[in-house]
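Single-structure report; data block below.
First the proteins, then the strands, lettered A, B, ... as listed; each starts at 1. Keep in mind that the numbers below use all heavy atoms, side chains included, and drop hydrogens, waters and symmetry copies.
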Amino acid sequence: MSITGIKGMNDILPGDIETWQYLEAQARKIFGAFGYREIRVPVVEKTELFCRSIGETTDIVEKEMYTFSDKGGTSMTLRPEGTAPVMRSFIQHKLYAQDPVSKLYYIGPMFRHERPQKGRYRQFHQIGAEVIGIDDPKIDAQVLAMLSHYFESVAIPDVSLQINSLGCPECRPGYRQALSDFLETRQDLLCADCQRRYTTNPLRALDCKVPGCKEATSEAPDMLAHLCSGCDDHFSQVKAYLDNLEVVYTVNPRMVRGLDYYTKTTFEMVTNSLGSQNAVAAGGRYDGLISDLGGPALPGIGFAMGLERLALMLGEEELVPPRPELFIATLGIAATKAGFNLLTRLQRQGILAEMEYTGKSLKAQLRRADKLNTRRVLILGEDELARGTAQLRYMDESHQEEVTLESIEARLLKEIHDA
RNA sequence: GUGGGUGUAGCUCAGUCGGUAGAGCACUGGAUUGUGGCUCCGGAUGUCGCGGGUUCAAGCCCCGUCACUCACCCCA
């Protein structure tokens, strides 16, 4: 083996890429209709950005970031997620000064140094969307309506939308304390991880997958019952709007987030067809993030979808490659030269056309034309060239006719246009 | 960071009791000197992951190592 790629960072080859292009094109179309515009930000940022936004004690920041010093000694990090860089850009360019509302989406690679497994890679790709400047529950509902519409439109099977509310800086500390107190009484029933978590991050114990913990926390205080009146009202309205829009969801009061900046509404698109990697899209409201990063006190909400996971769920079938309109088969040097000229003229006009470049038998050329699934083959031999004609063979009908060389381009253009 | 599984042709995989490699697909040439698919005949292709050991002899047994993969953890 010579040089190989890096563990957990995959090549996306022709045959697979078509699925990705489809997923991206649908996102652009649907997000566009909902008023979003694309933003592209660098894949590296100052490390500090992620520490401050995602949270110092999260797994992502503690052990999963690709962090290095550049030649000037600045600590830089390959982005592990997309929201923080987009917010950094939003603040830096004062987009709020041009428009009180920004709807942005992004597509691109993210990096986390984890052990790779199915649906989890070190370089992975996300499509994300963010709305900044609106705290009305209508927007929460609209974001969710768009997300579930996207999943329907690309026909991803077996997903369900789960929603929850994490409260705000006003009510969350109270709940956190209540939960922490509760966990303390059940401490001996918890797994080692949860015993550690009940002081550092008690919410995480709620979605622990260890059966013993599930049981021990089954009577835990209800997050939704501890919401302050503002958060409670917001969540009720979100649900009401979702019902009105006929967006199907279930409330999962135990759903928590791996990033610290989330507030109020949070949600996940989950599946059980990807093993333990059950989240294919996730997001929530982050009303404090922008001010935490030094920007104005603007609310935000958004989500990210994992492209690898979406592609896995769409299945193995490869989309068929585009069908050439014409394959030019030639015999003899003069005919090959004429064929090559014609080929390039057609390609310049946007017609997908091919030929055999390395002088093979006519049989071999036709075999290749067939393999490419070509619609037509133009057979150009010395005899025809002398007459200024060629055989135009329609592969599907196994039928051919002699046509003049001058008429070919116009004829092809007309046939393609009519089809 | 912790476990399990798997490494043989471009791909998917056989390979018996240790006797120095095979199939299908794909590729390629031919079966009418200028006509595809189906069929038939032929051809090329391997550091058997790598390194060591045992043995007259190792793809197979032993030790080490690397890679890939799945799972835990965490997450999109």
Side-chain angles (χ1 to χ4, degrees), chain A residues 1-2 4-8 10 13 15 23 54 58-65 79-83 107-129 147 159 191-194 196-197 201 204 207-210 255-259 267-271 274-284 302-313 327 329-332 335 356 358 360-385 390-400:
Chain A
M1 234 10 194
S2 45
T4 57
I6 291 172
K7 184 204 261 303
N10 301 317
L13 304 176
L23 289 168
I54 297 170
T58 57
D59 279 15
I60 294 176
V61 170
E62 275 183 349
K63 50 193 190 197
E64 293 174 1
M65 295 205 302
R79 62 182 185 193
E81 62 109 32
T83 300
I107 300 177
M110 308 293 163
F111 304 85
R112 294 183 200 171
H113 191 104
E114 307 176 84
R115 271 303 265 286
Q117 61 184 272
K118 185 174 186 165
R120 195 180 80 182
Y121 308 101
R122 290 183 172 178
Q123 174 173 332
F124 61 102
H125 298 76
Q126 291 188 330
I127 303 179
L147 180 61
V159 288
C191 70
D193 284 327
C194 287
R196 177 171 46 78
R197 288 202 273 246
N201 196 350
R204 289 237 71 88
D207 74 344
C208 182
K209 286 165 189 150
V210 178
M255 187 180 77
V256 298
R257 304 275 60 195
L259 288 70
F267 49 89
E268 280 182 12
M269 275 287 180
V270 298
T271 174
L274 286 181
S276 58
Q277 271 28 264
N278 65 345
V280 279
F303 63 83
M305 317 189 274
L307 267 172
E308 281 80 358
R309 293 180 185 180
L310 291 175
L312 276 172
M313 294 183 71
F327 187 97
T330 60
L331 289 159
E356 173 63 54
T358 55
K360 294 198 172 159
S361 71
L362 184 60
K363 181 196 265 309
Q365 294 183 67
L366 278 160
R367 245 202 304 270
R368 177 156 167 77
D370 186 65
K371 185 178 168 60
L372 293 174
N373 197 22
T374 313
R375 288 179 202 279
R376 311 169 189 79
V377 174
L378 191 73
I379 300 164
L380 183 56
E382 314 262 275
D383 305 348
E384 287 91 347
L385 189 64
Q391 305 292 333
L392 182 58
R393 182 173 181 80
Y394 291 84
M395 297 296 272
D396 294 342
E397 287 84 39
S398 298
H399 156 267
Q400 69 187 47

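Rounded to the nearest 0.5 angstrom, A:Q126 CD and A:I107 CD1 are separated by 11.5 Å. The line from CZ of A:R367 to NZ of A:K360 is 9.5 Å long, rounded to the nearest 0.5 Å. Distance CD/A:Q400 to CE/A:M395: 10.0 Å, rounded to 0.5 Å. A distance of 11.5 Å separates CZ of A:R375 from OH of A:Y394, quoted to the nearest 0.5 Å. Atom-to-atom distance recorded for A:E384:CD and A:L378:CG is 9.0 Å, nearest 0.5 angstrom. If you take CG on A:D396 and OG1 on A:T374, they are separated by 10.0 Å, rounding to the nearest 0.5 Å.
In this structure, A:A369 reaches neither bases nor backbone, as no heavy-atom distance under 4.0 Å exists between it and the strands shown. Within 4.0 Å of A:E308, counting heavy atoms only, lies no atom of the nucleic acid at all.
Taken residue by residue, residues 375-385 of chain A places heavy atoms nearer than 4.0 Å to RNA chain B at A:I379, A:D383, A:E384.
Residues that satisfy the side chain to side chain contact (heavy atoms under 4.5 Å, CB included) test with A:K118, not counting sequence neighbours, are A:L312.
With contacts defined as side-chain heavy-atom distances shorter than 4.5 Å, the pair A:E81/A:I60 does not qualify. Using a 4.5 Å heavy-atom cutoff, the side chains of A:D370 and A:L366 are not in contact. Using a 4.5 Å cut-off on side-chain heavy atoms (C-beta onward), A:Q365 and A:T330 make contact. Here the side chains of A:M305 and A:M269 are not in contact, with every heavy-atom distance at 4.5 Å or above. Here the side chains of A:P109 and A:H125 are in contact, with some heavy-atom distance below 4.5 Å. In this structure, A:R257 and A:E268 have side chains that are in contact, with non-hydrogen atoms separated by less than 4.5 Å. Side-chain contact between A:N10 and A:E308 is absent, with no heavy atoms from C-beta onward closer than 4.5 Å. Looking at A:H113 and A:K63, their side chains never come closer than 4.5 Å, going by heavy atoms from C-beta outward.
The same atom, C1', is picked in B:C17 and in B:C63; the two are 24 Å apart, to the nearest Å. The P atoms of B:C11 and B:G49 are separated by 14 Å, rounded to the nearest whole Å. Across B:U28 and B:U65, the matching C1' atoms stand 39 Å from one another, rounded to whole Å. Across B:C62 and B:C25, the matching P atoms stand 35 Å from one another, rounded to whole Å. Remark: the separation of the C1' atoms in B:U8 and B:G3 is 27 Å, to the nearest Å. Nucleotides B:G22 and B:A9 place their P atoms 14 Å apart, quoted to the nearest Å. Atom P of B:U39 sits at a distance of 9 Å from the matching atom of B:A26, rounded to the whole Å. Nucleotides B:G24 and B:U32 place their C1' atoms 31 Å apart, quoted to the nearest Å.
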Under a 4.0 Å heavy-atom criterion, the protein footprint on nucleotides 5-11 of chain B, written with B, S and -, is -------

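For A:V280 against A:M313, the heavy-atom pair with the smallest separation is CG1-SD, 3.4 Å. A pairwise comparison of heavy atoms in A:A329 and A:L362 identifies CB-CD1, 3.9 Å as the closest pair.
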Distances under 3.5 Å only, N/O to N/O: pair up the protein atoms with those of nucleotides 65-70 of chain B.
unit_1	atom_1	unit_2	atom_2	d
B:C68	OP2	A:K7	NZ	3.0
B:C70	OP2	A:K118	N	3.2

Using nucleotides 27-29 of chain B, report all nitrogen or oxygen pairs with the protein that are shorter than 3.5 Å.
unit_1	atom_1	unit_2	atom_2	d
B:C27	OP1	A:K371	NZ	2.7

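Looking at which nucleotide of RNA chain B each of A:K363 and A:A279 is closest to, the 5′-most match is held by A:K363. Each of A:L307 and A:S398 has a nearest nucleotide on RNA chain B; the 5'-most of these lies closest to A:S398.
In this structure, the CG atom of A:D370 is 4 Å from the C1' atom of B:G36, given to the nearest Å. B:G30 atom P lies 13 Å from atom CG of A:L366, rounded to whole Å. Between the P atom of B:C72 and the CG atom of A:D59 lies a distance of 15 Å, rounded to the nearest Å. Rounded to whole angstrom, the span from the CD atom of A:E114 across to the P atom of B:G1 amounts to 13 Å. Look at CG on A:L331: it is 13 Å from P on B:G36, rounded to the nearest Å. A straight line from NZ of A:K63 to C1' of B:C73 spans 7 Å, rounded to a whole angstrom. Note: CD (A:Q126) to P (B:A76) measures 7 Å, nearest angstrom. Atom CD of A:E268 and atom C1' of B:C75 are 9 Å apart (whole Å).
Atom CD1 of A:I6 sits in a sparse spot, with 12 or fewer heavy atoms from other residues, nucleotides or ligands closer than 6.0 Å.
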If a pair means Watson-Crick or G-U wobble with both distances below 3.5 Å, what does RNA chain B look like in dot-bracket form, with | marking bases paired to a different strand?
(((((((..((((.....[..)))).(((((.......))))).....(((((..]....))))))))))))....

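Side-chain to base pairing of A:Q400 with B:U35: one donor and one acceptor N or O lie within less than 3.5 Å of each other. A:R257 contributes no side-chain N or O that forms a donor-acceptor pair with the base of B:C75 under 3.5 Å. A:N278 contributes a side-chain N or O that forms a donor-acceptor pair with the base of B:C75 under 3.5 Å. For B:G36, the base has no donor-acceptor partner in the side chain of A:T374 [N/O atoms by modelled type, under 3.5 angstrom].
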